Amino acid sequence: MAIFFWLQELDGRPLRVNAGPPPPKREDSFSRGPRSSFGSSGSGYGGGGGGGAGSGNRVYVGNLSWGVDDMALESLFGEQGKVVEARVIYDRDSGRSKGFGFVTYNSAQEVQNAIRTLNGADLDGRQIRVSEAEARPPRRQF
């Protein structure tokens with residue numbers, strides 16, 4: 001299938017118009033990064049849904065390097081307990097990591113163990129910050 005595009009101008013700025021197949025449908029319009037192979041409930045902070053099962057057993061992971069993905073989080077945090085979901089949050093426009101993510105465990109004990117053990121740990125050359133994740137604020141209604 002051929003893809004065509006043409007250039008137009010709008011307010012003195014070049015505008016590129018593409019014609020081609022539509023982008024694939026995604027169940028989670030916020031995450032642009034690699035999908036994890038476990039748990040796709042959309043309960044992550046940057047995900048499409050609100051809290052899901054076990055949403056209270058979640059840690060915030062900050063100061064991530066750009067190269068860290070869901071699988072790297074799962075691997076590191078899996079040493080501290082059973083990871084239900086690990087998700088790096090991506091910018092919806094650029095597709096680039098925002099430098100933080102969330103890891104969900106089965107129990108509060110695993111959350112406390114991960115915070116105690118991994119806060120300040122080195123991941124891909126950076127000291128990560130690990131703390132209890134705050135509840136997602138309710139969405140505004142328009």
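Numbers here are sequence positions counted from 1. Given the structure is predicted, the values throughout are model-derived calculations rather than measurements.
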Chemist: What's the shortest heavy-atom distance between Val130 and Val61, and which atoms?
Modeler: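 Scanning both residues completely, I find the closest heavy atoms to be CG2-CG1, 4.5 Å.
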
Chemist: Once rounded to the nearest 0.5 Å, what's the spacing between atom CG of Asn119 and atom CD of Gln127?
Modeler: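 The CG atom of Asn119 sits 9.0 Å away from the CD atom of Gln127.
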
Chemist: So, do Glu110 and Gln80 sit near enough that their side-chain heavy atoms are less than 4.5 Å apart?
Modeler: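 They are not in side-chain contact.
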
Chemist: Do the non-hydrogen side-chain atoms of Arg96 and Trp66 ever get within less than 4.5 Å of each other?
Modeler: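 A side-chain contact exists here, since the closest heavy-atom pair is under 4.5 Å.
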
Chemist: When you measure from the side chain of Asn63 to the backbone N and O of Arg129, does any donor-acceptor pair fall under 3.5 Å?
Modeler: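 No, Asn63 side chain to Arg129 backbone: no donor-acceptor pair under 3.5 Å.
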
Chemist: Would you say that Gln112 contacts Glu132 through its side chain, given a criterion of any heavy-atom pair below 4.5 Å between the two side chains?
Modeler: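 When only atoms from C-beta onward are counted, Glu132 and Gln112 do touch, with a gap below 4.5 Å.
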
Chemist: What pair of heavy atoms forms the shortest contact from Val83 to Val103, and how long is it?
Modeler: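 Minimum heavy-atom contact is CG1-CG1, 4.0 Å.
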
Chemist: Once rounded to the nearest 0.5 Å, what's the spacing between atom CG of Asn113 and atom CG of Leu118?
Modeler: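 Reported value, rounded in 0.5 Å steps: 8.0 Å.
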
Chemist: For the residue pair Ile128 and Phe100, establish whether any side-chain heavy-atom pair is separated by less than 4.5 Å.
Modeler: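 The answer is no; the side chains never approach within 4.5 Å.
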
Chemist: Any non-hydrogen side-chain atom of Ile89 less than 4.5 Å from a side-chain atom of Phe102?
Modeler: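 Yes, their side chains come closer than 4.5 Å.
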
Chemist: Donor-acceptor pair, distance only, cut-off 3.5 Å: does the side chain of Asp124 make one with the backbone of Ser65?
Modeler: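 Between the backbone of Ser65 and the side chain of Asp124 there is no qualifying donor-acceptor contact (under 3.5 Å).
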
Chemist: Determine the minimum heavy-atom distance between Asp70 and Arg87, stating which atoms define it.
Modeler: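 The answer is OD1-CA, 3.3 Å.
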
Chemist: Please report the closest heavy-atom contact between Ala86 and Leu73, naming both atoms and the distance.
Modeler: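 Closest heavy-atom pair between Ala86 and Leu73: CB-CB, 3.9 Å.
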
Chemist: Looking at Tyr105 and Ala114, what are the two nearest heavy atoms and their distance?
Modeler: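 Closest approach of Tyr105 to Ala114: OH-CB, 3.5 Å.
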
